[in-house]
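Proteins come first, then strands; the chains are lettered A, B, ... in the order of their sequence lines, and each starts at number 1.
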Amino acid sequence: MEIAIPPDLVFVILAAVTLIAAVLALQAKELIYGAIALGISFIGIAGFFVFLDAPYLAMLQIAVYVGAVVVLILFTIMLVRREQSDELLDRPEGGQGAVGLWLAGLLAVAIAGVAALAGPNLPAAPPAGNLPVSSLGLVLAAEYPIPLVILALLISAALLGALVLAKVEK
Amino acid sequence: MVSLTSYLIVSAALLGIGIYGLSVKRNAIRILFAIEIIVNAANLNFAAFTRYLDPPLVSGQVIVFYSIAAAAMEAAVGLALILIAFRLNSSIDVRKLNKLKG
Amino acid sequence: MALNPWLTVIIWAIVVIALTGPMLTLPMFWSRRKPDPFRDMPFESGQVPQGEARHRLVMQYYPYLLMFVAFDVVGMFLFAWGMSFTKIPLYASFPVLLFLFLLAAPLGYALHLALRRENW
Amino acid sequence: MVNLPATPADLIPFLFAVITSHTFIQIILFPGFIHVTLVTAFLTWYERKIIARIQLRIGPLYAGGPGGILQPIADGVKLIFKEVMIPYKADKPLFLAIPLALVVMAALPFAVIPFGQNWVIANLDVGLVFVFAMISLFPLMILIFAWASNSKYPFLGGLRSLFQQVAYEIPMWISALSIVMLAGSLSLVDIVNAQARIWFIIPAFLSFIVFFISVMAELERLPFDLPTAEPELVAGWFTESSGAIFMLQFLALYMKMYLMSSLVTVLFLGGWWGPAFLPQPVWFIIKTLIVATFIIIPRAVFARIRVDMLIRIGWTRLLIVALVNVFLTVLLITSGLTAILGM
């Protein structure tokens with residue numbers, strides 16, 4: 001059975017889900033809903049990774065971001081949450097919202113414009129299947145040993161710091 | 001096939017959303033959300049460029065790998081900091097965390 | 001006949017949602033729904049609930065969550081290395097072993113805290 | 001290749017071609033939906049029977065068939081017709097959506113579980129990580145559900161469930177790492193194919209033990225069933241669920257049990273391999289049911305342990321053993337013993 005689903009359609013749906021969820025993450029009244037929307041946005045990005053022939057990255061994205069970081073965020077929200085104060089905290093003061101919107105919109109439009117102008121000169125996609133999953137591990141371990149060790153130091157330092165910060169004081 | 005430009009536009013839009021959140025929000029957790037969104041926009045760019053080079057280069061995926069790891073640790077430390085700030089100030093409004101101001 | 005496996009996964013997800021969704025939505029139509037403050041009360045062994053339900057958080061296990069985030073990342077790195085372990089020369093695996101060795105320090109510290117303090 | 005129908009007259013041949021296609025049969029019938037729900041329903045009956053036997057009772061008896069085997073269907077029909085109660089001030093959309101999401105999360109990994117050489121819905125090249133990624137979403141869902149029901153028992157149970165699953169996920173991953181190193185692939189089909197000569201339970205026995213204990217804890221089975229401890233927490237995180245919501249959660253939990261049993265079978269017990277007088281999927285399901293039996297039996301035998309002990313065992317004992325096991329596997333492979341064993 002061969003069903004031709006236009007890749008553009010899937011792409012547009014994915015992009016819409018990702019972007020709307022990202023906006024909701026920042027604008028939802030309840031912080032918990034914001035965190036859930038953030039998780040959905042991360043899953044959308046994972047969908048893009050599948051599209052881009054990087055399934056391992058997609059799984060990493062889901063397991064690390066949605067499975068761990070969003071859980072941590074939700075738990076922290078439940079620790080620091082107070083009824084009704086969240087909404088007041090997030091309302092922009094005065095002209096701040098407009099300025100932020102202008103700044104962000106200008107930046108996004110500028111980058112998107114450059115990308116669109118450069119569009120014809122950008123390379124077209126080579127056929128899929130050139131990036132087998134195992135090559136990722138190969139390159140990771142064989143070609144980038146120093147970043148790996150630096151990353152170990154980074155994780156150690158961050159974990160130690162976070163543990164010391166979160167230590168229950170008596 | 002979807003062109004590289006569309007990925008770049010999606011990524012630029014995500015970046016814009018993130019910058020908006022960073023510049024407007026006062027709740028520390030929302031600011032963390034905005035940072036994560038920006039990191040994801042960058043990751044998307046790396047993955048897209050990796051895929052569209054001819055022949056494809058795996059190094060871009062490795063960079064995304066490191067970036068995800070670093071962002072996860074950043075979130076862990078950031079949330080621990082927010083927790084401490086809440087315990088000391090009983091608020092996570094970043095504009096009230098100005099005790100060090102001279 | 002080979003469909004892209006990811007497309008098959010998506011079809012499978014849609015099938016699951018389409019076939020289990022009715023189990024949740026259909027009972028809404030035929031089940032009797034009469035709002036009653038006593039029946040809708042949260043279950044507390046017959047007592048009237050008091051106070052906020054969402055505030056009893058155990059702070060004491062928070063460090064374990066932080067460790068989880070760190071070791072999630074480490075686990076994914078180890079999988080990427082493990083699937084190509086037999087394909088790369090042995091000396092290329094030494095950085096990964098060093099990586100594990102370096103992570104032993106925060107793990108040891110965390111477990112030291114966990115074992116010494118009775119609270120987490 | 002099936003052409004989309006152009007005229008109404010083409011519709012019937014088109015539908016026929018779709019229904020008889022291999023992908024459709026796989027998704028709906030055999031490794032797919034009907035098989036998964038049937039075996040899951042069977043598992044609920046099977047568990048009640050086994051526990052009853054151990055405790056010198058009889059168990060389900062009256063619901064038709066031999067030994068009351070239609071009991072799950074009776075339960076399902078009863079639950080569907082019950083009223084769905086939503087507690088006061090609960091978060092309604094989340095309260096209704098999470099049970100469905102739980103079922104989808106439990107069912108999605110079945111797409112990559114190979115029930116036979118050709119009986120797999122989608123042979124992803126990152127299959128194992130896909131399963132783990134989907135399983136890692138469970139604590140999140142349970143936390144959100146516990147928060148949404150706005151009641152104290154579900155919230156406490158949900159938090160316990162979160163910490164327990166978080167504590168045992170990492171040992172589970174790292175013990176599965178040695179299998180990945182031995183097989184040299186993340187695809188579950190490749191992993192089973194690598195066990196044609198010798199099952200991985202022999203070279204990786206230590207990781208089998210760690211993995212099995214972690215699976216017990218992930219499934220919240222008894223010595224580790226703190227999140228649903230009846231004496232203290234009524235029914236844990238699903239105290240407030242009723243009717244169809246409860247049915248979906250129950251379905252998701254037992255589906256997850258079937259999933260984890262089949263994962264143990266794939267990783268350690270040689271998957272579909274067995275003497276040729278039975279077809280491959282039959283061997284697979286027999287092995288899976290044996291694993292499920294060993295997951296069920298402790299419920300009738302052991303007592304529960306304390307929550308801090310539980311979490312501490314996960315992080316101190318199992319994680320250390322799993323990490324040591326990685327080094328042992330490195331030694332095993334580099335010393336050439338695996339070549340002698342014929343792998």
So, for [X] and [Y], which heavy atoms are closest and what is the spacing to 0.1 Å?
{"X": "P63(C)", "Y": "L163(A)", "result": "CB-CD2, 3.6 Å"}
{"X": "G67(A)", "Y": "V71(A)", "result": "O-CG2, 3.3 Å"}
{"X": "A37(A)", "Y": "A25(A)", "result": "CB-N, 3.7 Å"}

Checklist entry - By a 4.5 Å heavy-atom criterion (distance strictly below it), what part of L98(C) contacts chain A: side chain, backbone, both, or neither? => result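 Just the side chain, heavy atoms under 4.5 Å.
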Checklist entry - What part of F79(C) lies closer than 4.5 angstrom to a heavy atom of chain A: side chain, backbone, both or neither? => result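 Answer is both: backbone and side chain atoms of F79(C) are under 4.5 Å from chain A.
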Item to check | Proximal component of L148(A), with respect to chain C [non-hydrogen, under 4.5 Å] | outcome: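 For L148(A), backbone and side chain are both near chain C.
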Checklist entry - V50(A) versus chain C, heavy atoms under 4.5 Å apart: side chain, backbone, both or neither? => result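 Only the side chain of V50(A) comes within 4.5 Å of chain C.
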Checklist entry - When the aromatic ring centroids of W81(C) and F85(C) are compared, is their separation below 6.0 Å? => result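 Under 6.0 Å, so yes.
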Checklist entry - When heavy-atom pairs shorter than 4.5 Å are enumerated against chain A, which of I10(C), L102(C), L100(C), V74(C) gives the highest number? => result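 The residue among I10(C), L102(C), L100(C), V74(C) with the greatest pair count is L102(C).
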Checklist entry - How long is the gap from CG on L31(A) to CD1 on I77(A), to the nearest 0.5 Å? => result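 The distance works out to 4.5 Å.
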